[in-house]
Amino acid sequence: MEYNDRINAIKGIGEKTEKAFHRLGIETVQDLLEHYPRGYEVFEHPRVIAGLEEGVTASIEASITMTPKVKRVRNLQIINTQVKDASGSMHLTWFNMPFLQKSLRMGYRYIFRGKVIRKNGVLVMEQPGIYQKETYYKLLKVLQPIYPLTEGITNKLISKAMKEIHKNLEFAKDYIPKAVIKENALMDRTKALKEIHFPKDKETMARARHRLVFDEFFLYSLALRRLRDNKVINKSDFNLREREECEQLIEGLPFPLTKAQIRVWVEIKKDLAGEYVMNRLIQGDVGSGKTILAILTLLMAVKNGYQASLMVPTEVLAKQHEKSLRSMLEQFGVSICLLVGSMTAKEKREAYDRIKNHKADIIVGTHALIQEKVEYDNLALVITDEQHRFGVKQREALMSKGSKPHVLVMSATPIPRTLAIILYGDLDISIVDELPAKRLPIKNTVVDTNYRTSAYRFIDKQVAEGRQAYVICPMVEESEAIEAENVIEYTERLKEVLAAHVSVEYLHGKMKPKEKNEVMERFAKGDIHVLVSTTVVEVGVNVPNATVMMVENAERFGLAQLHQLRGRVGRGEHQSYCIFVCGSNSREARERLEILNKSNDGFFIAGEDLKLRGPGDMFGIRQSGAMEFKMGDVFNDAKVLKQASDAVKNLKNMEVNAIFEANPQLEDKILNRNTGTL
Ligand code: ADP
Ligand code: MG
């Protein structure tokens with residue numbers, strides 16, 4: 001078996017399974033080998049039913065007291081049965097496993113292992129694994145890997161495939177020079193790959209993980225170094241002069257710039273006027289006012305006679321930026337062009353023409369901006385907003401549209417400066433570390449579902465005062481398998497319980513881009529009072545009149561994500577409120593949410609989140625969206641990141657070249673990963 005073999009070379013993987021694996025981004029043997037467990041489960045001794053509490057994953061040894069029945073609900077087949085031990089009884093439920101009916105016999109005794117949840121007031125075990133006693137006791141205390149899954153791929157299937165790979169693949173490919181391995185006392189890579197999938201014990205697993213995390217960070221740093229080396233020292237062809245229009249724009253704003261904004265603006269102007277190409281990251285918490293800095297920079301480029309582009313991760317955000325650009329810059333005779341995926345072919349063609357003929361000065365859009373067909377006249381500046389949503393490669397692709405354009409990237413990811421320097425290796429960093437002065441701090445509250453009625457009255461009141469609200473639900477539509485609020489039903493319910501004149505609409509990722517834009521525009525205009533949405537509103541949306549953010553099932557989100565969501569309110573002069581509704585009784589969930597209650601500072605939250613997870617907890621809830629590596633966590637593994645980055649720094653040019661020559665696809669592979677976006 002070879003590294004680059006398609007996974008159907010593995011025994012037991014047929015065409016259908018292969019397709020399912022593709023959904024996980026797994027195509028080759030190597031991909032599968034690098035599909036790491038997201039955690040491990042340790043089988044403990046069975047517990048007694050009466051001692052179980054909601055939220056735990058546990059095993060029970062119990063006998064079946066009710067003939068299992070299959071029930072059909074929509075496209076789901078649900079099996080229900082009841083079991084008992086000496087302490088009490090409980091229900092078990094399985095989804096879409098009708099075949100179990102035959103093997104679950106009345107009166108027989110098994111060990112069941114699964115998550116205990118509360119359904120209609122009583123404790124139920126969902127999707128439990130079923131074991132014969134002897135088998136279970138053999139597994140006791142062994143680390144069982146838990147893999148990220150998708151429909152058609154079970155944990156068992158992956159474990160089996162891993163066994164096949166380990167049986168047939170002789171060596172794991174090792175990119176790291178021997179000296180580096182020795183210096184950092186790294187485990188052999190072949191061994192590490194074995195131990196991560198079939199760990200002998202916790203200590204060995206931790207060492208294996210260290211090795212694999214090191215590799216990830218090493219390769220990432222290597223690719224960054226490559227990018228940097230290739231850029232040579234970029235003398236700029238675009239020395240931009242200061243323009244009075246920028247000062248006029250600042251004077252015309254309804255607010256004074258903060259000190260931090262002014263400082264960063266000075267840094268940007270200096271870059272643009274300097275001898276070298278600008279490569280700058282603006283880091284600033286949500287609501288710190290990064291957009292106006294982008295707009296000023298765009299204006300300066302355009303008024304020097306050049307084109308400039310602004311790339312954002314979502315269409316909703318692109319539209320929003322287009323609107324603010326128009327309202328602020330058209331007075332200076334700047335023409336703005338939108339380019340997004342949902343435009344018709346004809347609209348796109350027209351846009352391409354306007355861009356090529358320089359009838360458009362500023363081009364704002366999504367990934368559509370980096371498509372081959374887009375040709376610019378004289379692009380001198382590219383800006384990306386919410387940079388953490390893009391891969392390094394996408395940033396590069398946009399740059400390659402111009403000839404050495406100035407680059408500005410903006411991000412709200414709260415990473416400490418020392419880490420940012422490593423992760424954004426090729427960029428200078430500016431920090432907007434101050435919120436606009438007039439802003440009232442957001443008032444937070446963490447509540448349980450009993451509080452809803454009061455929350456609804458509160459929303460009514462805010463709407464009556466002319467304000468607007470967001471309600472976030474984790475799901476789009478109802479699901480039998482996951483008990484969490486969904487946007488569609490919640491909207492219906494809200495329409496009933498809120499005052500009659502309050503208009504409620506929903507927004508979610510499965511809607512067509514056009515519909516999404518329409519809803520967002522109507523919300524921005526104030527025609528919609530309450531927007532029920534999934535986390536699609538999370539990035540960058542700016543409706544300063546919205547003052548309430550209510551998050552249902554807040555326990556299901558990462559803290560960083562909740563902080564981003566909260567950033568959608570508190571953007572204007574009015575007092576804003578954030579209501580985190582915790583749908584779980586678990587104390588841990590509650591404690592985690594209390595962190596948000598304590599502070600509105602993104603850096604503080606990232607730090608506390610880290611403490612709560614603890615350095616030993618390697619597979620905790622991740623910073624969603626931001627800088628995800630397959631296995632490494634830039635916060636928790638900061639030390640390894642530093643080690644790997646130093647190791648790369650110390651390599652001689654010759655050694656770097658040797659690694660890339662020996663592995664021709666390496667560079668693309670690292671920078672194009674679906675994960676590991678920066
Ligand atoms: P972010 O940094 O999250 O991208 P935005 O640039 O969208 O934040 O700014 C958030 C809100 O704050 C916007 O409504 C913007 O007009 C406003 N704003 C920006 N700078 C200031 C300032 N200096 N004083 C008051 N409000 C400001
Ligand atoms: Mg923003």
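Any value given below was found using the heavy atoms of this structure, including those in side chains, with hydrogens, waters and symmetry copies removed. First listed ligand is number 1; within each ligand, the first listed atom is number 1.
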Side chains of [X] and [Y]: do they bring a donor and an acceptor to under 3.5 Å?
| X | Y | answer |
| --- | --- | --- |
| N444 | R566 | yes |
| Q462 | D460 | no |
| S342 | E315 | yes |
| Q283 | S411 | no |
| N378 | H358 | yes |

Residue by residue, ordered by chain and number, which ones reach under 4.0 Å of ligand 1 with a heavy atom?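 Protein residues near ligand 1 are F255, P256, L257, T258, Q261, D285, V286, G287, S288, G289, K290, T291, P436, R439, N542, P544, R571.
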
Among residues two or more places apart or on two chains, list those pairs meeting side-chain hydrogen bond (donor to acceptor under 3.5 Å, both in side chains) that have a residue in residues 289-311.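 Residue pairs passing side-chain hydrogen bond (donor to acceptor under 3.5 Å, both in side chains), neighbours aside: none found.
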
